[in-house]
Structures are given as C-alpha cells and as structure tokens.
Amino acid sequence: MPAVYMDNNATTRVDPAVLEEMLPYFSDLYGNPSSMHTFGGQVGRKISQARERVAEAFNCHPDEVMFNACGTEGDNTAIRSALASQPEKRHIITTRVEHPAVLNVAKHLERRGYEATYLGVDEQGRLDLDELRDSIRPDTALVSVMYANNETGVIFPIQEIAEIAKERGVLVHTDAVQVLGKVPFDLKTLPVDFLAVSGHKVHAPKGVGALFVRKGVQFRPFMLGGHQERGRRAGTENTTGIIGLGKACEIAMKNIAHENSAVKALRDKLEKALIAAIPDTRINGTVDARLPNTTSLAFQYVEGESILLMLDAFGVCASSGSACTSGSLEPSHVLRAMGVPFTYAHGSIRFSLSRFNTEADVDLVVKELPPIITRLREISPFKHAEGEAPACTC
Amino acid sequence: MWEYTDKVREHFINPRNVGEIKDASCVGEVGSIACGDALKLFLKVDENDRIVDAKFQTFGCASAIASSSALTEMIKGKTVDEALDVSNKDIAEFLGGLPKEKMHCSVMGREALEAAVKNLRGEEAVPHAEGEIVCECFGVTDEQIRRAIAENNLNTVEEITDFTKAGGGCGKCLDKLADLLAEAKGQKKVLKPLEVKPAGLTNLQRMKLVNKVIEEEISPSLQQDGGNIELVDVDGKRVLVQLRGACSSCKSSQLTLKQFVEKRLRETVEPDIVVEEVR
C-alpha cells in the first residue's frame, strides 16, 4: 500500500467491513440470484438488502434503485433513456465541466443530430443559473449537471437547478458520483429524475454502480436481455459488488458527519500549510461550496506530472489537471473552462482525502512538497522571467 | 502512469546542467508555458566552434526535463556541427527510450539546439521553425511535421501527434496531418484520371473540364509549393492562365506551364490544348 493515498476522487480503498460482507458471496454463496432454488434465492435476498441500504442512503424507494456497473453506465443510461422516452425533444443541457461520462455522450449526440448546450462556469468554477434559465427550450429533453466536480470539488446547487428545470417540465439527471457519503441529499425533496453513483468512490469495489430512477419517470433500458433489475438492466448481477455497495452506503451514511468534520479538518490543514509554505500557489475553485475532502492547488511555473512523480518517490498518491498526465496534450477541460491561466493550469495538483487519511499523512506531504516545488521552479525558465510569464506563442 | 525507463527517471530526479550560463555564446528557446512545455538552452562555444558548456531551464513533465538533461550531456565537448548531428531519436535512445506519447519532448530538445545554433550564427531565431502553421493549438508547422515524419519514419497520424504534439488539441488539423503523411510517404493524392475526351467537346464542356482539372488538381499541387494558378479564359483550344504566389516570380514558371499544366490538360481534356500565360 502507498505511504500516503490522497487520490480518493479517483478511487478509494475498499473498507474492510465491506470486504468482509462480500467475501462469502465469492466462495460459499455463489448462487445466481435469479435461480428458483433456495441456494440462489438467498443471494437474491442479500441483493434486496443491498438495494434497501442504498435506498436508505438516497431516501427513496428500493424500486427506484437500479444496480449497474459504474457511474459512467448510470450517466449513459439516464441520458439515453431521457432522450428515447421523448423522441420529439432534440436538445439537452449540460455543463462544460462534466465528467467525460456525460460530456462525451453529449458530443456523440450532437453528431447524431441532437443539440447540446454546455453551460459555462466562472473563474471560481460556479455555474450561472440565469444561463440555465435562458437555455431551456420547448424541445429540451434533459438537464444533466454533475452534483460536484471531481477535479475541483466545487458543489453545484442541484436543488435549485432541478427546481428550475422541473418548473419548465424538463427531466433532470445528476452525476452524484463524488458526493455520495460526503454531501447529504434526500431524494424525497431533491426533485431530480435520475442520479448516478459509483461503488469504488465510496469504499466499495470497482465495477458496481447504482442509478436512481424516479418512480413514474418513463424508462427506456439501455441493456437488453434477461429480466434482471425488473427488466431495466439485463445481465446477471454483480452480486458481490452490489452487496459491497450496499454495505458501503450504510457505512457512508454513518460517516457523513465525520467526513465534514475530521476529513475536512485534515484537508483544510493540508491546504493552509501548503499555501503558507509555497509562494505563488492558489486554490482552483470556490471554497464556499466544496467537497470536504478535495483541494485542487495550482503551483505557478511548474508542471503537474513532474510534481506527481516527485511525490511518488515519497509514496504520495495525488493527481494532476495537467496535460502530461492524461495522455491528452491539453490541460484539464475543467480548469480551462474556469479560465485558470496557463501558468497555473499546468501545475495543478488535486489532493482528495478519505477517512483513512491521518494527521501523519498531511504532515508528510506538507514536509515533502515545498522543496519539490522549489526544485522544479529552479529548473523552470519561467520563474526567472521578469514580471508576467511570457504570452502564448502558439 | 507513464512507463519511464530508469535512465529517464534518473535524469529527471538528478538532472545534469540545470541553470543559466551568464556569458552564454547563444541561447535557444522553444515552447511556451501555454503549450505545457518549454526549454531554454544556453551554450558556451569556444573559438574552435566547440561547445564547452551547456545548461538548460525546462518547464515540463519528467520526460521533458530528462530530455533536456540528456541533450546537454550529449552535446558538451562536441563541435557545433557535430552537435547538430544529434537527432531527437538519439536523445530518446540515450535515455533508453521514451513512451511514444512523449517523443515530442525529444523533438523539443533537438529544436532548442537548432534555435541556439541559429542564435550563435546571427540568424534571427524565429519563434517557430519555417513553414506554415498546421496545428494552431501547439503552433506546429508543416516543415516540423515533414521533418519528424522523415527522421523518425512515422507511419500514422497518431505518431505525428506523439512526436510533434500537432493534432493533440482541438483536432481540427487531423485531416491536414493525414495529407502531409500521405505526401511524405509518396502517396500523393492522385485524382482519378479523368475520362479522356478525344474529340467533340462543346465549348462549354471544354471550359468546364479545364476549370475542373485546374481547380481540383493543378492548383492544389502548385499551392503545395507556395504558388497558385488562376484560369482567366478559355478561347477555343487556348487556355489563358495567370500564375500567382511563388509561381509568378519563379524562373521555371514557363517550364511549369508547359511541362505540367499544359501536359496535364492535354491528358485530361484534349490533346491539342495550348496553355498561355497572361501577365
């Protein structure tokens, strides 16, 4: 295991209690939940329990919870269902800072003759709700806005967004992958029609997710086949994953206060100490409405991949909005949408904590990172330039 | 996670020759902070044209820093001409190889060296290599791309992006990259030979056909060399044209007119076409 794992928005460690809950269903209890015999039936009952646990976390009816493979599947399913059930509507609204699981679906739809509006964000990563109001048209099928941004942790006002859309009779989907267990929400009062979550972001394993589909909302399945998930998502259930997700939701609900106090305190300590120790550092995104575990810090004049690799030498895991790490050549679409200057965007590092982090983790990063930045700035030609960094020559 | 060789990691963690040379003989600068990587190379050259010291400052990823470090190690002690023989491939090989997506880092090293030598020889260090910008996102010119293709024997558009970054942004230039690749590989886009109409063309048919061949084939071909052609009139079998751009001042323009334009029109339209230049 790494010395310090601060990349929990990418994936999380499976909670030992979650693993324990899952283990019997790999070995002794391997039955197919759809089978007629008692051996399979008991697995079916365990899946029902998992569904109830997720429903409790969402405060919705268990029938409104559909298990699937991941957050991406939930996003794809929700968007496609919304469009398939309203064939006369040809327009969707989303944001420029969505996860690719939504953004690339929207782009794909545009190539298929749909129209998409991408709401912008300000330099703090916040949406302008008037822009949303102005973008809704009679043929708008869906508003799909993430609950919180994975890179900056900025939380969007989903309650208001959903109310605006519902007033105009438009379906609403939200990618809530980053907020489950961190931000309390209640689907009795939050008027969204679809909400997607993912297991591995909440200390359950990879390969399982859940999609909330509100009762009464027309649903068009994405995956056809058997009658699993009441015919809405065919395919033999990922029984162990689903059981793990159920348990993880139960634990997450108990820990949500802890996330907003203890984990948040660690994040704040890390952030404050790094900003104090490293000049020319800033926070990407507003601090007013932000996930308690996330900080995106931009270090001017240095490049993110270099920072990550040097941190890696100390066993510290974080991630970067820089181009060099992603395989693409441009810095993060989120930071670009926010208009983060290039001098900062390339040197952005995201630390995302979890309840498994300790004070010692924070102390280690606070000790090791400042000399890394100093060293890279010594190598960089821009720190030496007088005044402003050189303009783009591209 | 990139698969870096131990040597890349080593040159990244302990880069050689970092810094400035205060009394440098020349400086070469390539890239920019917006592009995500930039390299400033300082050389000290003695009276025998030998590089006695080389230092660098680099903004970029691990492979950019390692490539810069490798470059300075490779050229120190060489004469300027010997140093210019160092190709981007040599830099990558020195490091035990680079991930293919990172080959542009070695190209940046090579370009900084060229910029520094230009600076040394009093030539104006242009911000970009010669040629026309093809990739606007990263400011990559056609010349840079042709060269990367030739020196590294690139075979796909994806490889062009790995080596030059061209096409890695908005992707608008991907078609142009494919054209450049086809051209470099000698697969010049040849139009299907038009149906030869030996006789019996009406004036209108002839005009249309001449216009089509000039627009679709001859003009694009001349444009590749910086020139162009414009059809002025078709008078019977006489085709009147004006040469433009580089062609208008080119000494061999008459040759172009007869050997290329007229020849092609005779092949595709009618065997007795005569091409004349209108000034």
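For clarity, every value in this text was computed on a predicted model and none was experimentally measured. These values consider heavy atoms only, across backbone and side chains, with no hydrogens, waters or symmetry-generated copies.
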Atom [atom1] of [X] with >12 non-hydrogen neighbours under 6.0 angstrom:
{"X": "B:Glu114", "atom1": "CD", "value": "yes"}
{"X": "A:Arg96", "atom1": "CZ", "value": "no"}
{"X": "B:Arg121", "atom1": "CZ", "value": "yes"}

Over all heavy atoms of both residues, which pair between [X] and [Y] is shortest? Give the atoms and the distance, please.
{"X": "B:Asn14", "Y": "A:Arg375", "result": "CA-NH2, 4.0 Å"}
{"X": "B:Phe59", "Y": "A:Pro381", "result": "N-CD, 3.4 Å"}
{"X": "B:Gln57", "Y": "A:Ser380", "result": "CB-C, 4.1 Å"}
{"X": "B:Gly60", "Y": "A:Ser306", "result": "O-OG, 2.7 Å"}
{"X": "B:Ser63", "Y": "A:Glu305", "result": "N-OE2, 4.3 Å"}

Going through the distances and angles, do A:Glu303 and B:Thr58 end up as a side chain to side chain contact (heavy atoms under 4.5 Å, CB included)? CA-CA 10 Å; A:Glu303 206 284 323; B:Thr58 290; over 6 Å; no

